[in-house]
Amino acid sequence: MRFSKAYIPTTKESPKDALLPSHIYLSRGGFVTQVASGLYNFLPLGKRVLRKIETIINEEMDRVGALEVDLSFVTPAELWQESGRIEKFGKELLRFRDRKDNLFVLGPTHEEMMVSIVRNRVTSYKQLPINLYQIKTKFRDEARPRFGLMRGREFVMKDGYSFHSSTEDLDREFDAMEASYKRILERLGLDFRIVEADSGAIGGTGSKELMVLAQSGEDTLAVCDTCEYGANVEAARRAPRKSIPEAPSADFARFKTPNIKSIEDLSQFFKVDPYYTLKAVIKRAMYIEGSELVCFFIRGCDELQEVKARNSVGAIDLVDASEAELVEIGLVPGFVGPLDQDKIRLVMDNDTKNATTMICGANESDYHFVGVDLSVMNEAVFADLVEVQEGDGCPHCDGKLTHTKGIEVGHIFKLGTTYSAPLKAEYLDENGRSTPFIMGTYGMGVSRLVAAVIEQHHDDKGCIWTHATAPYMVDVMISNIKEEAHVAYAETLYESLGKAGIETILDDRKERFGFKMSDAELIGFPYTVIIGKEMENNQVQIMIRKTREILTVNADEVLSKLKELIG
RNA sequence: CGGGGCGUAGCUCAGUAUGGUUAGAGUACUUGGUUUGGGACCAAGGGGCCGGAGGUUCGAGUCCUCUCGCCCCGACCA
C-alpha cells in the first residue's frame with residue numbers, strides 16, 4: 001500500500017474525551033473514529049488489525065476442531081423469554097419491533113440462538129461433542145460505555161459454545177479451549193494471566209478469565225509471585241495464615257467496653273491483635289423477590305469480599321444496611337456478635353471456624369465478650385468471605401500473593417445445563433433417555449483485544465504493535481520525495497518486500513522527515529526503513545519501533561536484515 | 001440510574017460574569033512560492049444554523065425555560 005493512496009487520517013491532537021492510551025493513540029493514529037457513545041467506526045488500519053486478530057482466532061479454533069458459524073444478529077425476543085433472560089438482561093438488551101410488530105433484540109451474546117440451532121437437529125449422543133463459534137458484532141446497551149474500544153456498546157466478540165453428553169467430556173473440552181485461548185494470546189504477543197473467576201449467579205462448576213495485564217485494567221487480580229496461580233479478587237483464595245499473632249489469655253467473660261465500636265478501638269482497648277476480634281458486616285441481601293438483612297462475621301484483620309458474600313447467600317445484590325435498619329430488628333450497632341443471635345441471618349467466614357480466645361460483640365450496648373470459643377458456632381453457615389490482601393500466602397505454593405490490574409479479554413465457562421434445560425435442548429443418550437446437553441461457553445473480546453494490545457504496548461510517541469497485530473510490518477519511508485534515486489530505491493525495496501510476503505506500506509507522501517517519522521511512531525509499524533541521507537554511503541536505516549533504536553545497514557542488505565528482525 | 005462537567009470551523013479551544021459592528025485563534029484544508037533528517041516558512045483563500053426548540057429584548061453565542069448529545073465519578077456490567 002502506498003501511503004499517498006491510503007486513508008490514514010492521523011492527528012496531532014487527541015480527541016478531548018480520550019483518556020486511555022489505547023483510546024488516544026487509536027484515534028490519533030487513524031485506526032478508529034467515534035460515532036456516538038460506545039460506538040466506533042473502524043478505518044482501514046483499524047480494520048486490518050481487527051482482521052489479524054480474527055484470523056489468528058480462526059486458525060486456532062480450526063486447530064482444535066471448533067466450527068465457525070454465523071448467527072443472525074437480530075434475534076427474536078421469544079427465545080429470550082423462553083430462557084428467562086429478557087428480564088434479567090433488562091435495558092442492556094436493545095429491543096425493537098419489525099413492520100409486523102414482532103419483538104426482536106440485538107444479540108448481546110448468543111447462548112439462546114446457539115442452543116436453538118442444535119436443538120432438534122443434534123438428537124443423538126453419537127453426534128456429540130460439538131463446538132460451534134462465531135466472530136460477530138454484539139450489542140449491549142451499557143449504562144455507561146467508556147474507555148474507547150475497551151467498553152463499547154457495539155463490539156466484536158468471538159463466542160463459542162460446546163455441547164456434550166458428559167461432564168467429563170465438558171472438562172476435556174474446557175481444558176482444550178483454555179489451551180487454545182492461551183495460544184491465541186501468546187501469538188498476539190500479549191502478557192496475560194489465566195485466572196480463576198467468580199462463577200456467579202449463573203452457577204456452573206468452573207470459570208476462568210483471561211486477563212491482559214495492564215495498569216488501566218478494570219479488574220483486580222491476585223497473582224502468586226512464585227507459581228502460576230492467579231485469580232480475580234472476587235474469587236481469590238489464600239493459604240491459611242502461617243504467622244499467627246500471640247493469643248491473648250482470657251477466660252470467657254462479659255466485659256464493659258464503653259463506646260468501643262470499631263475493630264481498631266477494640267484491639268487497642270484490649271491490647272490484642274485484630275486477628276482475635278470478630279468483625280460484623282451487615283448488608284441487605286436483595287433477591288429476585290424480597291430482601292433480608294444478613295450479618296457476615298469475619299476476623300477483624302480481614303475485609304469482606306462482596307461478591308463472595310453475595311454468592312454465599314444466593315443474593316442478586318448486597319447493599320449497605322443503615323444503623324436504623326439494625327436497630328429496627330433489635331440489633332445494637334457496634335456491638336453485634338454471633339452468640340445467641342436469632343435476630344438476623346448469619347454467615348461465618350471459614351477462618352473463624354473453631355477460633356478461640358476471640359473478642360466479639362455482646363449484642364448489648366457497651367459490652368463485648370472476651371475469651372470466646374467459636375466452636376459453639378459449628379452449626380452455623382460457613383463460607384469463604386474474605387478478600388485476599390497483598391502479602392497473603394498462595395493457596396498452591398509457598399509464594400506470596402500480589403495484586404495487579406487486568407483487562408478481561410476472555411472468559412470461559414462450564415455452563416452445564418443452565419440453558420439447555422429451560423430451552424429443552426435435549427438428545428437421546430445410550431439408553432434412549434432424553435437428556436439436556438451439557439454445555440460450555442467460551443468468549444473472547446476481539447475489538448477489546450485491539451485496545452488491550454495498545455494498553456500494554458505503547459509509549460509517549462504512540463502505538464507499538466506486536467508482529468502479529470501490526471497493520472503493516474514495515475514502513476518504507478522516503479525522507480525526501482524529490483530525491484529521484486531515493487524514490488527509485490524505495491520502489492524496488494517495496495516491491496521485493498512484497499514478493500517476500502512482508503506486509504509493507506510505502507510512505508511516498510510529499511511531507512518532511514519529521515512529519516513522516518512522527519506518523520510512523522504514532523501508528524506504530526514494527527519497523528520503519530528510512531531512506532534518506534545515509535544513501536550517500538549506500539546505506540539506509542531501520543527504526544525498530546519497540547525500542548526506537550536505529551540500525552544503519554547497507555542498502556543491499558535491508559531485505560535480509562528485515563527478515564532476520566521479523567524472524 | 002444518581003452526582004458533576006462540557007456542547008462555538010474537520011480537530012483543539014478563546015469569546016458567555018456585565019447582551020451591542022461583519023464571531024475569533026491555533027491546527028487541518030486549497031492555491032502559489034521558498035524549504036527538505038524530527039509535525040517548516042511566506043503570501044493569498046475557502047470553511048460556522050455558536051447542539052436543538054421556545055422565550056425575554058430594539059438587539060442573544062452571551063440571559064431564562066425546556067430538550068438532545070457527549071464525557072467523568074459512582075451504581076451496574078452472562
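Just so it is clear, the structure is predicted and the values come from calculations on it, not from any experiment. Throughout, a chain's letter reflects where its sequence line sits, starting with A, and its residues are numbered from 1.
- Taking a pair to require two hydrogen-bonding distances under 3.5 Å in either a Watson-Crick or a G-U wobble arrangement, B/A40 pairs with B/U34.
- Spacing between B/G51 and B/U8 at atom C1', rounded to whole Å, works out to 10 Å.
- Neither side chain, A/His486 nor A/Ser479, offers a donor N or O lying under 3.5 Å from an acceptor on the other.
- Of all nucleotides present, none satisfies the Watson-Crick or G-U wobble test against B/U62 with each distance under 3.5 Å.
- B/A25 shows a glycosidic angle more than 90° from 0 and is accordingly assigned anti.
- Note on A/Arg512: every side-chain N or O is 4.0 Å or more away from OP1 and OP2 of B/G39.
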Checklist outcome for this item: Its contact letters, B for base, S for sugar-phosphate only and - for none at protein heavy atoms under 4.0 Å, make nucleotides 23-28 of chain B read ---B--
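- Look at B/G74: its Watson-Crick or wobble partner, with both distances under 3.5 angstrom, is B/C1.
- With sequence neighbours excluded, the residues that form a salt bridge (charged side-chain N to carboxylate O under 4.0 Å, His left out) with A/Arg237 are A/Glu196.
- Comparing the C1' positions of B/A17 and B/G54 gives a spacing of 25 Å, expressed to the nearest Å.
- If you check B/G48 for Watson-Crick or wobble pairing at under 3.5 angstrom, you find it has no partner at all.
- Nucleic acid contact class of A/Thr441 (heavy atoms, under 4.0 Å, all strands): none.
- Only the P atoms considered, B/G7 is 13 Å distant from B/U62, to the nearest whole Å.
- Base pairing analysis places B/U22 opposite nothing; no Watson-Crick or G-U wobble pair with both distances below 3.5 Å involves it.
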Next on the checklist: I'd like to compare against my own output: the B/S/- annotation of nucleotides 68-74 of chain B with a strict under-4.0 Å heavy-atom distance to protein.
Outcome noted: --SSBBB
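- For the C1' atom pair drawn from B/G39 and B/U12, the interatomic distance equals 15 Å after rounding to whole Å.
- Backbone-only contact: A/Pro15 has heavy atoms under 4.0 Å from sugar-phosphate atoms and none from a base.
- Spacing between atom CG of A/Asp507 and atom C1' of B/G39 amounts to 13 Å, rounded to whole angstrom units.
- Between A/Tyr442 and A/Phe174, the two ring planes are tilted [angle within 30° to 60°].
- The residue among A/Arg28 and A/Phe89 whose nearest nucleotide of RNA chain B lies closer to the 5′ end is A/Arg28.
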